[in-house]
Amino acid sequence: MRVIYSPLQCRHDGGVEMHRGALLPSFESPARAHTILAALQRGGFEVLPPRDWPESRLLEVHDAEFVEFLRNAYSRWTAGGRDGSMLPSGFPARGLRQDRRPSGIHGALGYYTFDASTPIVAGTWDAAVAAARCALTAAALVAEGDSAAYALCRPPGHHAGRSFFGGYCYLNNAALAAQHLRNHGCARVAVLDVDYHHGNGTQEIFWEREDVLFVSLHATPESEYPYFLGYADERGAGRGEGYTVNLPLPLGTRWHEYRPALDAALDAIARYAPDALVVSLGVDTFEADPISGFKLTEPDYSELGDCLAAARLPTVLVQEGGYAIAEIGANVARVLGAFETNTLRR
Ligand code: Q9C
Ligand code: ZN
């Protein structure tokens with residue numbers, strides 16, 4: 001399969017995040033993309049740049065005023081005499097108004113984000129758009145006949161919703177890929193999210209839709225980020241009722257517990273009989289991940305690739321999380337390598 005990557009994504013750099021009470025350099029760094037790219041080049045994968053998709057394509061899954069906010073946020077911040085990372089100072093919790101978007105930059109920032117881990121810096125917009133273009137390009141390759149494609153996206157996307165950002169995510173790359181497939185011949189698309197964290201943004205975007213099935217395997221929100229979504233009783237609403245499937249797992253989960261949940265997820269996808277699959281591929285399920293609590297090991301990523309290939313669907317893989325810098329490249333290469341081996345044997 002071909003790999004889509006843009007160096008513009010590295011413009012999102014130098015941010016800080018609130019982590020367990022301390023302000024730390026962002027775990028989500030350009031080095032993540034560099035180590036994944038190096039591992040895939042060593043593995044012999046062909047790497048292509050993204051196509052120059054118009055920014056209007058973002059509006060297929062995002063709100064126009066939200067996109068406008070992201071585009072202009074950092075210049076509003078610097079116009080106020082500030083530099084460094086934009087982080088919020090308050091959120092519209094219960095008892096506060098949800099229906100007013102403050103005109104000032106600090107209030108607007110708290111309105112559009114839901115955590116203090118997702119800094120906006122000078123290059124964030126350019127990088128996020130580049131990542132979105134990578135995802136759209138991978139989806140286009142699959143829509144045009146490639147059996148699979150991998151978008152090396154960063155910043156990631158699955159925590160970003162129609163009109164909010166957070167969890168290191170600004171624009172929802174996987175949702176853009178799924179929508180592209182819907183627009184180009186796929187009547188039904190499944191999204192399988194195997195990132196350690198629940199894909200709350202993707203869930204929100206497709207919550208009331210029956211044409212996109214969202215299935216997520218993740219650490220239980222009882223004890224893990226994003227805390228306020230991702231429970232098993234969330235099943236979609238309206239026409240989308242039954243088309244969201246959440247499989248939360250306990251901290252400490254190992255492959256022998258993960259695998260049955262993955263099989264259940266793939267069974268749900270097989271019953272849906274989609275025309276294409278989008279995989280939100282986080283490798284923060286790894287035992288050495290610095291912010292996560294699952295215990296997957298290196299060979300487990302090859303098995304994951306085997307399982308994904310066994311779905312026998314045109315597949316767009318979109319990079320999400322994974323913060324063990326030294327190992328994420330090899331783990332992504334294991335997933336893609338196993339996927340390809342199985343595809344070639346067809
Ligand atoms: N400050 C993805 O894997 N923060 N996002 C957790 C550390 C947010 C992870 C606490 C973690 C978001 C795409
Ligand atoms: Zn994650």
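Atoms within each ligand, like the ligands themselves, are counted from 1 in listed order. Source: prediction; values computed, not measured. We count residues from 1, following the sequence as given.
Distances from atom 9 (C) of ligand 1 to the heavy atoms of His198, His197, Glu224, Gln319 show the closest one on His197. Compare Met18, Arg154, His218, His19 by their heavy atoms: the one nearest to atom 7 (C) of ligand 1 is in His19.
Against a heavy-atom cut-off of under 4.0 Å, Gly321 is close to the following atoms of ligand 1: 3 (O), 13 (C). Which parts of ligand 1 touch Asp284 is read off a 4.0 Å heavy-atom cut-off, strictly below it: atoms 3 (O). Near Pro156, meaning under 4.0 Å from one of its heavy atoms, ligand 1 places the atoms 13 (C).
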Run the ring pair (Phe, Tyr, Trp, His ring centres under 6.0 Å) check on Phe114 and Phe164 step by step: do they pass?
CA-CA 7 Å; Phe114 63 95; Phe164 59 84; 5.7 Å; yes

Under the ring pair (Phe, Tyr, Trp, His ring centres under 6.0 Å) criterion, do Phe165 and Tyr112 qualify, and how do the steps go?
CA-CA 6 Å; Phe165 71 100; Tyr112 279 124; 7.7 Å; no

Kindly indicate, with the supporting measurements, whether the criterion side chain to side chain donor-acceptor pair (under 3.5 Å) is fulfilled by His198 and Asn200.
CA-CA 6 Å; His198 177 245; Asn200 63 289; 5.1 Å; no

Would Phe206 and Phe214 count as a ring pair (Phe, Tyr, Trp, His ring centres under 6.0 Å) if you check the C-alpha gap in whole Å, the side-chain angles of each, and the deciding distance to 0.1 Å?
CA-CA 7 Å; Phe206 297 118; Phe214 175 71; 7.9 Å; no

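Phe45 places a side-chain heavy atom less than 4.5 Å from the side chain of Leu336.
No N or O atom of Glu320 sits closer than 3.5 Å to an N or O atom of ligand 1. Backbone and side-chain nitrogen or oxygen atoms of His158 are examined, and none is located within less than 3.5 angstrom of a nitrogen or oxygen of ligand 1.
The environment of CZ in Arg239 is sparse: at most 12 heavy-atom neighbours from other residues, nucleotides or ligands sit within 6.0 Å.
The atom of His197 that is an N, O or S and sits closest to the Zn ion (ligand 2) is ND1. When the N, O or S atoms of Asp195 are ranked by distance to the Zn ion (ligand 2), OD1 comes first.
Ser117 OG, 3.6 Å is the protein heavy atom nearest to atom 4 (N) of ligand 1. Nearest protein neighbour of atom 5 (N) of ligand 1, counting heavy atoms only, is Gly167 O, 3.0 Å. Among protein heavy atoms, atom 13 (C) of ligand 1 sits closest to Tyr323 OH, 3.3 Å. For atom 1 (N) of ligand 1, the nearest protein heavy atom (residue, atom name, distance) is Glu17 OE2, 2.6 Å.
Here the side chain of Arg188 pairs a donor or acceptor atom with the backbone of Tyr272 at under 3.5 angstrom. The closest donor-acceptor contact from the side chain of Asn173 to the backbone of Ala132 lies under 3.5 Å.
Heavy atoms of Asp195 found under 4.0 angstrom from ligand 1 belong exclusively to the side chain.
Checking Tyr225, Tyr227, Tyr168 one by one against His159, the ring-ring contact (aromatic ring centres under 6.0 Å, His included) holds for a single residue, Tyr225.
Looking only at atom types and distance, the side chain of Thr297 has a donor-acceptor partner in the side chain of Asp300 under 3.5 Å away.
Taking backbone and side-chain atoms together, Asp284 has an N/O/S atom less than 2.8 Å away from the Zn ion (ligand 2).
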